[in-house]
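Presented below is the structure to which this report refers.
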Amino acid sequence: MPKALVKALKKKYLDQVNDEDETVYIARSNSRAVAIVSQEKMDWLERALKAKEGSLEYAIARDQLIKRHVLPDDEIVESDDDYWGQFKCKYFSTTFTSSNGPLSLIVTIIDDYMEKMP
């Protein structure tokens, strides 16, 4: 392959990495491969790996990786009575329903608490 063609292809692939945030995979001999990613994508991958799962740092890095299509998006949760039922109060008589929502829960918890105060 002529050097000029190799140089042009290399530039094309590197431009895809920089401009389009693509990952370029290069197959090598002996079933090995190399991946070329942008520095920004690599930074977010490293942040996600170093952060403790459940931390704010992890959540931010995870969101950035979802935005860059490295990770799949989260599933959408249906907001029905089953969903709100998981927030059923242990100490009060209040249960979430899709019709009353979070604001109603707060008001009901305060009312329940005030009734049970000495």
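When reading the values below, keep in mind they use all heavy atoms of this one structure, side chains included, and skip hydrogens, waters and symmetry mates.
Remark: L45 CG to L49 CG distance equals 6.5 Å, nearest 0.5 Å.
Two residues are said to be in side-chain contact when any heavy atoms from C-beta on lie closer than 4.5 Å; W44 and V70 fail this criterion. Side-chain atoms of Y25 and T23, non-hydrogen and from C-beta on, do get closer than 4.5 Å to each other.
When all heavy atoms are compared, the tightest approach of P72 to I66 is O-CG1, 3.6 Å.
Listed by first and then second residue, the salt bridge (charged side-chain N to carboxylate O under 4.0 Å, His left out) pairs that reach into residues 48-76 are D21-R68, E40-R68, R62-D74, sequence neighbours excluded.
A chain of hydrophobic side-chain contacts below 4.5 Å, direct or via other Ile, Leu, Val, Met, Phe, Trp or Tyr residues, connects L65 to L56.
By the side-chain contact (heavy atoms from CB on, under 4.5 Å) test, A27 pairs with no residue at all, sequence neighbours left out.
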